[in-house]
Amino acid sequence: MKIFKIFLQTITAALLVFTCVFVQAQDIKVVYHVNTDVNTASAILGNVRNHLSADPNVKITLVTHGPGIDFLLDGAKDNKGREFSGMVSDLAGKGVQFRVCNNTLVTRNIGPSKVSMEAKIVPSGVAEVARLQAKEGYVYLKP
Amino acid sequence: MKIFKIFLQTITAALLVFTCVFVQAQDIKVVYHVNTDVNTASAILGNVRNHLSADPNVKITLVTHGPGIDFLLDGAKDNKGREFSGMVSDLAGKGVQFRVCNNTLVTRNIGPSKVSMEAKIVPSGVAEVARLQAKEGYVYLKP
Amino acid sequence: MKIFKIFLQTITAALLVFTCVFVQAQDIKVVYHVNTDVNTASAILGNVRNHLSADPNVKITLVTHGPGIDFLLDGAKDNKGREFSGMVSDLAGKGVQFRVCNNTLVTRNIGPSKVSMEAKIVPSGVAEVARLQAKEGYVYLKP
């Protein structure tokens, strides 16, 4: 049985090393959970930009619901009167993903055509925030 | 040593597949961290309902502390004058769990008898939010 | 091949037990994500104290950015006129770590010398919140 014992230890060690190396090497995936109103959107997009500057390999997905979807609607402007669409396109070009909650669209009677081309509509914002963490290896951030 | 090498690779592969299948198949567990006042409770319970509709197998636990416990106190009403108790019972019947922070009860001098029968009192809300994630496989959501 | 099958099952079981025991035994690490203004700081530090009381082995790191850094600046006071420095030193003495976002310092034109000696400056608060979760095994809490 001694050979079995050594073998077991070897495999355990190898798998631990493998797992550690794998975890260390993987790029970070972050879900930004956005459900605050349009006045908070500029600061949130600023956070995303700073995050990308600090870690260019990070994969960021913004999941929006409730008032959080507003900056992704057609013609949405910040409090200086600038449209969000430019900044959203810019971030999308850098790999940032945007998701909008369909429950919110239905409740607020907003047609999908009003939603930014850069955003993908998902059935439920909260379910998506949970799914990304539980099934896709995302970590969470509420900006 | 060649047989050992093949064997190690086989086991590693098998464990990876096993882990992946296991992770994919598991139901999602989500802790809703609630420490905002009673005016936010209707929207939060609406989020929980939507979450359950989108993913009927999800296990949701609301951990409340500070002003977040108020909708779970006897006679608590929303801003339309409706008692929260009905909605809380309804969600509890669907498997949603409610937890109330004992530190908050002590600080605010609220007796445990004032707390909804559907809720379980835990020593510390923040410690419970952390424990569920670190030890019970929950993901996090701040509504 | 039967011996191989038994062996594989044994190793799988052993690794699962090992992993479970390992996860159970580990101390919990929590990142408190703080980006709300100085009026919320007393309650947040109260949460941290309660958390430590409930779980003395917990490792807590506060990552601050935006208005969240203010209680860590020289001479910062709560709304009763008491300096935060005493409470910060006290918590630091209990192993709590404080981190301040350099992007915030630059944007707000605040010199590093204004930051509490107890705090460590990190390049980006949001990137640090994500990194601690993805690479250091922290769970998340937004107080």
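Throughout, a chain's letter reflects where its sequence line sits, starting with A, and its residues are numbered from 1. Note that the coordinates shown come from a computational prediction; the quantities given were computed from them, not determined experimentally.
- Although no hydrogens or angles enter the test, the distance criterion places no donor-acceptor pair under 3.5 Å between the side chain of B:Y140 and the main chain of A:A130.
- Annotation: residues 54-66 of chain B contacts chain A through B:A54 [non-hydrogen atoms, separation under 4.5 Å].
- Considering every non-hydrogen atom in both A:K142 and B:K142, the closest pair reads NZ-O, 2.6 Å.
- With A:K135 contributing its side chain and B:Q26 its backbone, the two residues share a donor-acceptor pair below 3.5 Å.
- Chain A is approached within less than 4.5 Å, heavy atom to heavy atom, by no residue from residues 68-91 of chain B.
- Annotation: the span from B:N50 atom CG to A:C101 atom SG amounts to 6.5 Å, rounded to 0.5 Å.
- Residue B:Y32 touches chain A through its side chain alone, counting heavy-atom pairs closer than 4.5 Å.
- Once rounded to the nearest 0.5 Å, the distance linking CG of A:N35 with CG of B:N47 reads 7.0 Å.
- Of the atoms belonging to A:V129, it is side-chain heavy atoms, and not backbone ones, that fall under 4.5 Å from chain B.
- Atom CD in A:Q133 sits 7.0 Å away from atom CG in B:L141 (nearest 0.5 Å).
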